[in-house]
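Presented below is the structure to which this report refers.
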Amino acid sequence: MVAGLLGLFTSASRAAGQAPALGPLTSEDGAPLHRLGLTAPAESPDPVGTGSLRWGSWMAFSNVFEQEAGAEHVLLIDMERLVTTAQVRYGVTRDLEIGGRLTFETTGGGNLDPFLTWWHTFLRVGNANRERFRDGAYHQTVEMEGGETVLDVPRRIFGLEDIRLFGKWRLAGSEDAPATLSLRLTTRIPTAGGPFVQENTDLDVSALGRVSRADWHGHAMLGASTVRATSDADVRMFQARSYHALLGIERSLGDGWAAVVQYQMSSPLLRSFEHRELDGPSFNLTFGVAGTLDDTWRWDVSFQEDLPTDTPAADFTLGVRLSRAW
């Protein structure tokens, strides 16, 4: 009976001319401190089709500036970063996919500091003391009272950040149903080592959902990850787990493309610093467009801004994704 009602609801929705969902936009937390753990990416709850293989790549360019001097610590993160991912997905059954991903990272001083100063002045959100430091510099450090360094990350040129393995199981609905719910399980195997922080394998469980009506789609993600990174300076520096959530709205703009706006939150990885820019949650507003071509190619372009600005989130991230199915 339930299956019959769901089928009737789906048929009615199709008859009403429901547009296919193309979102959410590809995004994940760009905060350097949060990337010491598993950052959960936003994605569709739909697995790839049975026997299908989908290759995809996402490039995200971020500018980050966080500076704060407290009574017991000094934080300075001043950098630009390019994250590049390459992943494959395979449809085992209609409702199950498995896949893997490689994450590469390039960091440096960059050249966009003057533009970001102007942009934040234009938005009237403040520059967090950015104007006091030299443009184009690179820093990713946290020091404690007395000069003890607890984090000092060197520059990287296309270094392998991590390897991820994942599986996604659709619990209810279908690609063109009015409501869809999936469960995703991901493990992250870090490959980047540092002199002060040891990253370890983490596990994430996320629920991915979508509700649709005509040209509108609502997207959601909710999950939790382990945090197994450790610090040589203080074993209590990290939380035991982190949480993340996302809400998004998509509007079809015609055949094969759509506009998407989404808001994402990640809970802190660090603790005991008692300052939002170190151990506070990360908030990001992302907007952009997504599209498809001949049901084979998919793409999206997005701009991500931290709101509010006094958190560990990256100041801005420009993202581009391209994928192809066989």
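In this chain, residues are counted from 1 in sequence order.
- The distance from the CG atom of Leu160 to the OG1 atom of Thr191 is 3.5 Å, given to the nearest 0.5 Å.
- Arg324 is linked by a salt bridge (Lys or Arg N to Asp or Glu O under 4.0 Å) to nothing, counting only residues two or more places apart in sequence or in another chain.
- The OG1 atom of Thr85 lies 9.5 Å from the CE atom of Met59; values are rounded to the nearest 0.5 Å.
- For the side chain to side chain contact (heavy atoms under 4.5 Å, CB included) test, residues two or more places apart in sequence or in another chain that qualify with Asp279 are Leu270, Phe273.
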Name every donor-acceptor pair, under 3.5 Å, that has one atom in a side chain of residues 241-250 and the other anywhere in the protein, sequence neighbours excluded.
unit_1 : atom_1 : unit_2 : atom_2 : d
His244 : NE2    : Asp204 : OD1    : 2.8
His244 : NE2    : Ser206 : OG     : 3.2
Glu250 : OE1    : Leu22  : N      : 3.4
Glu250 : OE1    : Gly23  : N      : 2.9
Glu250 : OE1    : His219 : NE2    : 2.7
Glu250 : OE2    : Leu22  : N      : 2.7

Side-chain atoms of residues 30-37: list all donor-acceptor pairs with protein atoms under 3.5 Å, sequence neighbours left out, distances to 0.1 Å.
unit_1 : atom_1 : unit_2 : atom_2 : d
His34  : ND1    : Asp29  : OD2    : 2.8
Arg35  : NE     : Glu161 : OE2    : 3.3
Arg35  : NH1    : Glu28  : OE2    : 3.0
Arg35  : NH1    : Asp29  : O      : 3.2
Arg35  : NH2    : Glu28  : OE2    : 3.4
Arg35  : NH2    : Glu161 : OE1    : 3.0

Verdict with reasoning, Thr103 to Arg101, per side-chain hydrogen bond (donor to acceptor under 3.5 Å, both in side chains):
CA-CA 7 Å; Thr103 310; Arg101 163 179 144 173; 2.9 Å; yes

Show your reasoning for whether salt bridge (Lys or Arg N to Asp or Glu O under 4.0 Å) applies to Arg155 and Glu80.
CA-CA 10 Å; Arg155 300 185 187 211; Glu80 290 181 3; over 6 Å; no

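- The salt bridge (Lys or Arg N to Asp or Glu O under 4.0 Å) test applied to Arg170 returns Asp46, Asp95, not counting sequence neighbours.
- The distance from the CZ atom of Arg54 to the CH2 atom of Trp326 is 9.0 Å, given to the nearest 0.5 Å.
- Looking only at distances, a side-chain donor or acceptor of Lys168 sits under 3.5 Å from a matching main-chain atom of Ser44.
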Could you please spell out the steps behind the salt bridge (Lys or Arg N to Asp or Glu O under 4.0 Å) verdict for Asp300 and Arg298?
CA-CA 7 Å; Asp300 65 59; Arg298 287 181 176 266; over 6 Å; no

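- Under the salt bridge (Lys or Arg N to Asp or Glu O under 4.0 Å) criterion, Arg81 pairs with no residue, sequence neighbours left out.
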From CA spacing to verdict: side-chain hydrogen bond (donor to acceptor under 3.5 Å, both in side chains), Asp202, Thr226:
CA-CA 5 Å; Asp202 284 315; Thr226 63; 2.9 Å; yes

